[in-house]
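Below: one structure, written as structure tokens.
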Amino acid sequence: MRLDIISIFPEYFAPLDVSLIGKARERGTLDVRVHQLRDWAHDVHKTVDDTPYGGGPGMVMKPEVWGEAIDAVIGDGTPRMIVPTPSGRPFTQELAQELAEEPWLLFACGRYEGIDSRVVAEYATRLRVDEVGIGDYVLAGGEVAVLVMVEAIGRLLPGVLGNAQSAVDDSFAPGSMRNLVEGPVYTKPPVWRGHEVPAVLLSGHHGKIARWRRDEALRRTVANRPELAAALDVDALDKHDRKLLEELSFRVGPEDVAN
Ligand SMILES: C[S@@+](CC[C@H](N)C(=O)[O-])C[C@H]1O[C@@H](n2cnc3c(N)ncnc32)[C@H](O)[C@@H]1O
């Protein structure tokens, strides 16, 4: 997969040299190219921003410099373009999976009050463009949001995770973990500072372990992410799931699954 990232702070992307993503780059699974937006600014100060039309605080990134940069980076190619913004569609595991199937992504990192909106309008005429938010809070720039997205997408590429099953068991994974967060995890020793690992995990009984993990995922989702638990697919819940939700006095969707 090819990833182009345009930013006024290319140094933000140094972490992409380490760990799983760094190894994927070394192996050639990921071809990451980071570009300095100011290389396409022509005045002596390398200006990339100007005051907003309509007044108000802050500055807006200029369309001309973004247009020149994107044209130069993509040539005649048609990457899928991602513009991080708090006002975008939410970045989810499902979207990470969808983006992991693309051959080429282009990320445009905004700063200040964001990028002049005509840039998205212009490129949406020839590329698939998504404005994407990584959460309901405001960062100073798109760089950290892009790091988050690249890591979430990159670990889904074939061969990047040591054990491909990890992604299947993760929180939010499509399938049985859809709308569920993962439960607690443990390693050796069996007792640490008086805290014991749940006995079922030492039993070697795969069926019971799977059931326990599902129960814990349900418990944790109800406790920490009730809005996700409420959106569980009632038809995908088995008798045991329903009983547990009843014990937790939790209703899924408009119906009370306890009844
Ligand atoms: C200070 S923010 C601009 C926020 C904008 N005035 C608003 O309220 O929507 C500057 C840049 O940070 C990035 N950014 C900030 N929060 C983000 C988020 N939650 N998700 C994705 N990108 C974000 C975007 O690239 C944005 O253009």
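Whatever order the structure lists ligands and atoms in, that order sets their numbers, starting from 1. Predicted, not measured: the structure shown is a model, and the values here were computed from it.
Ionic pairing of Glu216 and Arg219 is present here: one or more N-O contacts between side-chain nitrogen and carboxylate oxygen are shorter than 4.0 angstrom. Under the 4.0 Å criterion applied to side-chain N and carboxylate O atoms, Arg111 and Glu143 are assigned as salt-bridge partners. Between Asp71 and Arg126, at least one side-chain nitrogen of the basic residue sits less than 4.0 Å from a carboxylate oxygen of the acidic one, meeting the salt-bridge criterion.
Those atoms of ligand 1 that come under 4.0 Å of a heavy atom in Val138, given as number and element, are 1 (C), 2 (S), 4 (C), 16 (N). Close approach to Gly142 involves these atoms of ligand 1, each under 4.0 Å from a residue heavy atom: 12 (O), 13 (C), 25 (O). Residue Gly135 approaches ligand 1 through these ligand atoms, each under 4.0 Å from one of its heavy atoms: 19 (N). Using a 4.0 Å cut-off to heavy atoms of Gly133, the atoms of ligand 1 that qualify are 20 (N), 21 (C).
There is a side-chain donor-acceptor pair under 3.5 Å between Trp104 and Asp4.
Only side-chain heavy atoms of Ala145 come within less than 4.0 Å of ligand 1; its backbone N, CA, C and O stay farther off.
For the pair Arg220 (side chain) and Glu182 (backbone), a donor-acceptor distance under 3.5 Å is present. Formation of a donor-acceptor pair under 3.5 Å by the Arg89 side chain with backbone atoms of Val132 is not found in this model. The backbone N or O of His240 lies less than 3.5 Å from a partner atom in the side chain of Asp238, making a donor-acceptor pair.
Of the protein's non-hydrogen atoms, the one nearest atom 19 (N) of ligand 1 is Tyr137 O, 2.8 Å. Looking only at protein heavy atoms, the nearest one to atom 2 (S) of ligand 1 is Leu139 O, 3.3 Å. With respect to atom 6 (N) of ligand 1, the closest heavy atom belonging to the protein is Glu113 OE1, 2.8 Å. The nearest heavy-atom contact from the protein to atom 27 (O) of ligand 1 is Gly114 CA, 3.5 Å. Scanning all protein heavy atoms for the shortest distance to atom 24 (C) of ligand 1 gives Pro84 O, 3.2 Å. Looking only at heavy atoms of the protein, atom 20 (N) of ligand 1 is closest to Ile134 N, 3.0 Å. Protein heavy atom in closest approach to atom 21 (C) of ligand 1: Thr85 N, 3.4 Å. The nearest heavy-atom contact from the protein to atom 17 (C) of ligand 1 is Pro86 CD, 3.5 Å.
For Arg178, the CZ atom sits in a loose shell: 12 or fewer heavy atoms of surrounding residues, nucleotides or ligands are nearer than 6.0 Å. The neighbour count for Glu94 CD, taken as heavy atoms of other residues, nucleotides or ligands under 6.0 Å away, does not exceed 12.
Distances shorter than 4.0 angstrom occur between a heavy atom of Val132 and an atom of ligand 1. By the 4.0 Å heavy-atom criterion, Tyr112 is counted among the residues contacting ligand 1.
Of the candidates Gly141, Gly110, Gly88, Gly141 brings a heavy atom nearest to atom 13 (C) of ligand 1.
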| request: Begin with the C-alpha distance, continue with both residues' side-chain angles, and end with the deciding distance and a verdict on side-chain contact (heavy atoms from CB on, under 4.5 Å) for Met1 and Leu30. | output: CA-CA 5 Å; Met1 172 187 260; Leu30 260 183; 4.1 Å; yes
